[in-house]
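Data block below; observations after.
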Amino acid sequence: MSGPPIVKGTAAWRYFGDFRAGLLAGQVLVLQVAHPVVAAGVRDHSDYIEDPWTRLMRTAASLSIYIYGGPAGARYEADRLRALHRSFTGVDTDGRRYSALNPHAYAWVHATLVMVPVDTQRFYGTPMTPSELDEYYAQMCDVGRLLGLREQDLPSTWPEFERYYADMIDGFGPNETISTLFETIRTVKKPWRWLPDARWVRLQRWQYRGQMFVIRATLPPVLRDRLGLQWTDRDQRRFDRFRSAVRLAGGLVPVTSRSSLVRRIGRLNVWFRAHPRAYRFLAREW
């Protein structure tokens with residue numbers, strides 16, 4: 001199934017860059033590394049432990065190109081990522097060889113990103129209508145094909161995708177990479193060198209508690225239980241109050257403005273790809 005082009009007013013354009021999606025960054029990371037092949041690849045090849053802030057910004061910049069960078073920008077970024085991941089190979093914890101381009105693992109990573117805007121609206125906004133979900137999913141399948149996914153790697157309709165997503169999560173459980181991720185969230189280094197160490201110690205504790213609370217709140221309950229993450233009725237009431245506040249604040253922002261920052265990042269990254277000298281200069285200064 002092919003969707004309409006991602007242009008102003010379509011479902012992917014409206015929902016993918018919603019600023020509230022940042023609240024699901026921890027959740028989507030957990031879901032991705034719950035897959036054993038992804039877990040092994042992150043363990044062996046990712047630098048998120050040493051520099052999670054830069055890694056997060058690079059991921060956001062890459063995603064912005066697919067949706068808001070136009071067809072040429074999306075194709076360029078897809079080719080770049082496939083070339084990068086081609087070298088990500090190794091041996092998993094069970095002694096089996098893996099590749100980051102394993103079609104099932106590659107499809108799962110894309111599936112988690114497909115779900116982010118849907119969960120964002122479900123938790124913090126207004127859930128998409130069935131027609132919006134159909135259009136959005138068809139558009140994201142087109143993005144998946146740009147990334148190199150085959151027709152058979154993702155279900156053809158949204159209801160089938162929901163069943164696939166639930167079945168995948170039902171097969172996941174604890175692993176070493178998830179534990180390392182939680183420890184990284186607890187001990188993450190300060191994002192800016194100029195931030196005083198004493199202030200960051202306090203902020204670090206706050207961000208850890210906040211991140212883990214939102215992760216526990218938004219993970220599918222079956223996986224949350226398997227990871228041993230406690231969730232109480234009191235926690236649920238706290239989260240309901242929190243997401244009501246986020247929903248209220250987000251509702252004050254016009255729909256077309258909720259994704260404006262990510263749209264600008266997408267266009268800026270396309271410009272950088274066309275001007276590599278400027279990109280290298282900025283990366284060196286950063």
Side-chain angles (χ1 to χ4, degrees), residues 15-35 38-39 42 46 48-49 51-60 63-64 108-109 111-128 165-166 168-169 172-175 177-191 200-253 258-259 261-262:
Y15 293 116
F16 194 87
D18 192 314
F19 66 92
R20 294 169 293 189
L23 292 168
L24 294 175
Q27 180 238 45
V28 73
L29 283 174
V30 174
L31 289 170
Q32 287 180 357
V33 300
H35 192 292
V38 180
V42 168
S46 176
Y48 81 94
I49 295 176
D51 193 1
W53 304 109
T54 299
R55 186 65 206 155
L56 185 61
M57 286 187 289
R58 287 175 180 167
T59 300
L63 291 174
S64 70
W108 174 245
V109 170
T112 63
L113 300 175
V114 169
M115 188 60 82
V116 169
V118 180
D119 277 348
T120 298
Q121 298 308 314
R122 178 165 63 93
F123 288 122
Y124 304 118
T126 301
M128 296 186 202
Y165 199 82
M168 288 292 292
I169 289 173
F172 295 151
N175 65 46
T177 305
I178 294 176
S179 299
T180 302
L181 172 61
F182 290 160
E183 181 63 14
T184 300
I185 294 173
R186 188 183 71 83
T187 61
V188 65
K189 299 176 182 177
K190 59 186 181 182
W200 175 242
V201 168
R202 293 192 295 273
L203 290 174
Q204 186 184 55
R205 288 196 295 267
W206 177 87
Q207 73 83 29
Y208 172 67
R209 289 195 296 267
Q211 282 267 31
M212 291 304 299
F213 177 75
V214 174
I215 287 172
R216 289 187 294 122
T218 57
L219 275 178
V222 64
L223 183 58
R224 180 176 64 206
D225 293 343
R226 288 178 181 171
L227 296 180
L229 299 175
Q230 186 179 18
W231 189 249
T232 66
D233 291 341
R234 181 171 179 267
D235 290 330
Q236 185 62 53
R237 290 192 294 271
R238 289 174 58 206
F239 181 63
D240 287 342
R241 290 194 296 271
F242 171 72
R243 66 178 183 168
S244 293
V246 174
R247 185 180 294 117
L248 178 62
L252 299 176
V253 180
R258 293 172 192 164
S259 58
L261 176 60
V262 179

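- Across all non-hydrogen atoms, the minimal contact from A34 to L223 is CB-CD2, 4.4 Å.
- The line from CH2 of W206 to CD of Q211 is 9.0 Å long, rounded to the nearest 0.5 Å.
- With values rounded to the nearest 0.5 angstrom, D225 atom CG is found 10.5 Å from Q230 atom CD.
- T177 places a side-chain N or O within 3.5 Å of a backbone atom of A39 that can act as its donor or acceptor partner.
- Partner of V30 under the side chain to side chain contact (heavy atoms under 4.5 Å, CB included) criterion, out of L181, T112, T218: L181 alone.
- Nearest heavy-atom pair across Q32 and L113 is NE2-CD2, 3.7 Å.
- Here salt bridge (charged side-chain N to carboxylate O under 4.0 Å, His left out) pairs that include residues 228-237, with residues two or more places apart or in two chains, are R216-D235, D235-R238.
- The closest side-chain heavy-atom distance from T120 to F16 is not below 4.5 Å.
- Between S244 and R247, some side-chain heavy-atom pair lies under the 4.5 Å cut-off.
- How far CZ of R209 is from CD of Q207: 10.0 Å, rounded to the nearest 0.5 Å.
- Expressed to the nearest 0.5 Å, how far CZ of F242 lies from OH of Y124 amounts to 5.0 Å.
- Scanning all heavy atoms of the two residues, the minimum distance from G250 to F19 falls at CA-CZ, 4.1 Å.
- Across all their heavy atoms, V33 and N175 have their closest contact at O-ND2, 2.9 Å.
- The CE atom of M212 sits 11.0 Å away from the CZ atom of R186 when rounded to the nearest 0.5 Å.
- Y165 approaches A111 most closely through the heavy-atom pair CE1-O, 3.8 Å.
- Evaluation of the side-chain hydrogen bond (donor to acceptor under 3.5 Å, both in side chains) test over residues 15-25, restricted to residues two or more places apart or in two chains, returns Y15-E132, D18-R20, D18-Q121.
- Considering only heavy atoms from C-beta on, V28 stays 4.5 Å or farther from D119 through its side chain.
- Atoms CZ and CG, from R122 and L24 in turn, are 9.0 Å apart once rounded to the nearest 0.5 Å.
- A 4.5 Å side-chain heavy-atom check between F213 and Y208 finds every atom pair outside the cut-off.
- The shortest heavy-atom contact between F172 and H35 is CE2-CA, 3.7 Å.
- For the pair W108 (side chain) and L31 (backbone), a donor-acceptor distance under 3.5 Å is present.
- For R258 (side chain) and V253 (main-chain N/O), a donor-acceptor pair under 3.5 Å exists by modelled atom type.
- No donor-acceptor distance shorter than 3.5 angstrom exists from the side chain of Q27 to the backbone of V214, with no hydrogens or angles considered.
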